[in-house]
Number of protein chains: 2
Amino acid sequence: MRMRATVPITVADIKSACSQCNLLELCLPFGMSETEINRLDELVGARRKVKRSQHLYRSGEGFEAIYAIRTGSFKTDVLLEDGREQVTGFQMTGEILGLDGISTEQHSCNAVALEDSEVCVIAYDKLEELSREIEGLQHQFHKVMSKEIVRDHGVMMLLGSMRAEERLAAFLLNLSQRFTARGFSPAEFHLRMTRDEIGSYLGLKLETVSRAFSKFQEGGLISVQQKHIRIIDLDGLRKLVHHPASPR
Amino acid sequence: MRMRATVPITVADIKSACSQCNLLELCLPFGMSETEINRLDELVGARRKVKRSQHLYRSGEGFEAIYAIRTGSFKTDVLLEDGREQVTGFQMTGEILGLDGISTEQHSCNAVALEDSEVCVIAYDKLEELSREIEGLQHQFHKVMSKEIVRDHGVMMLLGSMRAEERLAAFLLNLSQRFTARGFSPAEFHLRMTRDEIGSYLGLKLETVSRAFSKFQEGGLISVQQKHIRIIDLDGLRKLVHHPASPR
DNA sequence: AGCAAGCGTTGATCCATGTCAACCTCCTGG
DNA sequence: CCAGGAGGTTGACATGGATCAACGCTTGCT
């Protein structure tokens, strides 16, 4: 529970309690016993509020904690010297941020809030300590890291082997599935990121993203109104990913 | 130390000993004390030989162990239903394979030997058990996973934001650096993978890879003879990555 | 040792996506 | 509540890399 002077953020003095949290089954405590989860409460320090477009952490900063998203959403990105940005992921509630920092004890990417958000701060040294005692925590933490690796491989597949429309379809399906897991509609949601950010994530220019959205709409697959998306033909989108018009 | 009947592999009955291994500082034991490393020897089961082009594991197979490469090299890839392949990485001695399997207890990619190779088999349940006792092991294991995440983000950057020649230059620099870390020449090495595999990894077609090699050679940056690469102008390659001719 | 198949190179052409530009829309902050 | 700027759409055109094709070279298998 350490204040950082460089960034204008608020550390609410409210103890987060995993045992009280409704994100349990999406978050770090997943699969742990009730007794184990109660012990987690000693692990999670304070919550921290991050306003839209503010950084939770920056590339190069010292690594001390990982973060569980309680409300809101984030993007992570990597910057090249010449200013090019690669968005490496979009994270929503229950997902864990900051795992990249473990390897060098410095963060290697930036995490930026896409809307006013709140995270639980999990001191990393305490996490290691506690996961030596609680088998379930250790195992779940490993799963979270491994899942991130698997996700990354999926993104490589997107970027390396799929065409523009396949990438966007896969992206929408992924969002839909994650919204569903959080109890929201699988078919209707608001995008929290811009076309430019989607483009960066998918290795496309924003114009290409915009055109693909329009084409999906013309084809009756979705309806788009700015950031509001309604999926009309989920199977149609799935077919786009699995049997693209002309594979690359 | 469990035999797998499905794949024709050899499990040598030689106990691997981390304490005797010269790959220490590249592998899981990095940063651990001598006492700690001695305890590791109980963790590493048998070694396993994998012949060129054979699978170490396949996507969908149950996950039981991770593997440390003792000799040789591997590629990992993900397959789409329609047969498209995305190579997600090339691994060399001391690097760890199989981390993707933790999240679902099934492997999510294929690992194929690029040459006759040998790996140390590390039973995963034992690893968790031992890393609850040995702080150094726990920490190093986390670092290995985190490093993989950081590496993946670098690949996303490649695939999402860089042009063909930048990608290949970055790839060569990365190989050079990893060969150096293993005591080989930074400037001269043999590629163990085909143009097609490089292309898949970099999101390019094999012809594009071949043309880029030729262009680097014409430009006096490298000399290529099939799989034999000699880097002539390391800085020239670096400039290609950091200040591409015309950024995307 | 010999030869076929896989791997690599190079050229010509095409097309998916990038680039540039104009314009529209809708929040968002004062 | 209004104004201005950021975000989004669409069109016209350019181009990097894909595709198709032909051929040469190893290399690894018998």
Side-chain angles (χ1 to χ4, degrees), chain A residues 51-54 75 84-87 112-116 158-169 171 190-218 222-229 240 244-248, chain B residues 51-54 75 84-87 112-116 158-169 171 190-218 222-229 240 244-248:
Chain A
K51 287 221 161 288
R52 178 193 158 90
S53 89
Q54 285 195 337
K75 71 168 176 181
R84 283 178 286 181
E85 176 197 33
Q86 176 67 35
V87 171
V112 181
L114 295 175
E115 60 195 302
D116 293 357
L158 273 192
L159 291 171
S161 307
M162 290 166 71
R163 335 273 315 273
E165 286 173 26
E166 290 182 81
R167 295 185 202 183
L168 188 64
F171 174 68
H190 273 278
L191 301 175
R192 303 260 101 117
M193 67 295 285
T194 67
R195 301 290 190 263
D196 197 30
E197 288 164 335
I198 298 173
S200 171
Y201 181 62
L202 298 177
L204 302 170
K205 289 293 156 184
L206 66 92
E207 293 94 330
T208 306
V209 174
S210 180
R211 280 187 242 271
F213 271 132
S214 300
K215 192 159 173 207
F216 287 175
Q217 182 158 244
E218 282 161 35
I222 64 174
S223 99
V224 198
Q225 266 172 119
Q226 304 290 126
K227 300 202 146 132
H228 187 85
I229 302 286
L240 255 177
S246 60
R248 197 187 256 221
Chain B
K51 287 219 161 289
R52 178 193 158 89
S53 89
Q54 285 195 338
K75 71 168 177 181
R84 282 179 286 182
E85 177 198 33
Q86 176 67 36
V87 170
V112 181
L114 294 175
E115 60 194 305
D116 293 358
L158 272 192
L159 292 171
S161 307
M162 290 166 70
R163 337 272 317 273
E165 286 172 26
E166 288 182 81
R167 294 185 204 185
L168 189 65
F171 174 67
H190 273 278
L191 301 174
R192 301 260 104 114
M193 66 295 285
T194 67
R195 302 290 191 262
D196 196 31
E197 287 164 336
I198 297 173
S200 170
Y201 181 62
L202 299 178
L204 302 170
K205 288 296 155 183
L206 65 93
E207 293 95 329
T208 306
V209 173
S210 179
R211 280 186 242 271
F213 270 132
S214 301
K215 192 159 172 207
F216 287 175
Q217 182 159 243
E218 283 160 36
I222 64 174
S223 98
V224 198
Q225 265 173 125
Q226 303 293 126
K227 299 202 147 134
H228 187 86
I229 302 288
L240 255 177
S246 60
R248 196 187 254 221

**Q.** Between P of D:dC29 and NZ of B:Lys51, the distance in whole Å
**A.** 10 Å

(Q) Whether B:Asp116 and B:Arg52 form a salt bridge (side-chain N of Lys/Arg under 4.0 Å from carboxylate O of Asp/Glu) is what I want to check. (A) no

Q. Starting at CG of A:Leu168 and ending at P of D:dT9, how long is that distance when rounded to a whole Å?
A. 11 Å

Q. Taking atom CD of A:Glu115 and atom NE2 of A:His190, what is their separation to the nearest 0.5 Å?
A. 11.0 Å

(Q) Tell me the closest heavy-atom pair linking B:Gln86 and B:Ser200, and the distance in Å. (A) NE2-O, 2.9 Å

Q.
Are more than 12 heavy atoms, taken from residues, nucleotides or ligands other than B:Lys227, located less than 6.0 Å from that residue's NZ atom?
A. yes

**Q.** Rounded distance (Å) that lies between atom C1' of D:dA18 and atom CZ of B:Arg84
**A.** 14 Å

Q) With the sugar-phosphate defined as primed atoms, P, OP1 and OP2, and the base as all remaining atoms, what B/S/- string results for nucleotides 1-9 of chain C, 5' to 3', for protein heavy atoms under 4.0 Å? A) -------SB

Q: Determine to 10° how strongly the helix from C:dA1-D:dT30 to C:dG30-D:dC1 is bent, judged from the axes of its five-pair ends.
A: 70°

(Q) Side chain of A:Lys205 only, heavy atoms from C-beta on: which candidate in C:dT17, C:dT19, D:dA18 is closest? (A) C:dT19

Q: Measure the OG1-CD distance between B:Thr194 and B:Gln226 for me, rounded to the nearest 0.5 Å.
A: 12.0 Å

Q. For the pair made of CG in B:Leu114 and C1' in D:dG28, what is the distance, rounded to whole Å?
A. 17 Å

Q: Evaluate the criterion side-chain contact (heavy atoms from CB on, under 4.5 Å) for residue pair B:Phe216 and B:Ile229; output intermediate values, then yes/no.
A: CA-CA 11 Å; B:Phe216 287 175; B:Ile229 302 288; over 6 Å; no

Q. If you measure from OG1 on B:Thr208 to CZ on B:Arg195, what distance do you get to the nearest 0.5 Å?
A. 12.5 Å

(Q) Do B:Leu191 and B:Phe213 have side chains that approach each other closer than 4.5 Å (heavy atoms only, starting at C-beta)? (A) yes

Q) Rounding to a whole Å, what distance do you find between A:Glu115:CD and C:dT28:P? A) 12 Å

Q) Atom CD of A:Gln217 and atom P of D:dT9: how far apart are they, to the nearest Å? A) 9 Å

Q. Among all residues two or more places apart in sequence or in another chain, which pass the salt bridge (Lys or Arg N to Asp or Glu O under 4.0 Å) test with B:Glu207?
A. none

Q. Rounding to a whole Å, what distance do you find between B:Lys215:NZ and C:dG11:P?
A. 14 Å

(Q) Whole angstroms only, please: what is the CD-P distance between A:Glu166 and C:dA16? (A) 12 Å

**Q.** B:Thr208 vs A:Thr208, nearer the 5' end of DNA chain C by closest nucleotide
**A.** B:Thr208

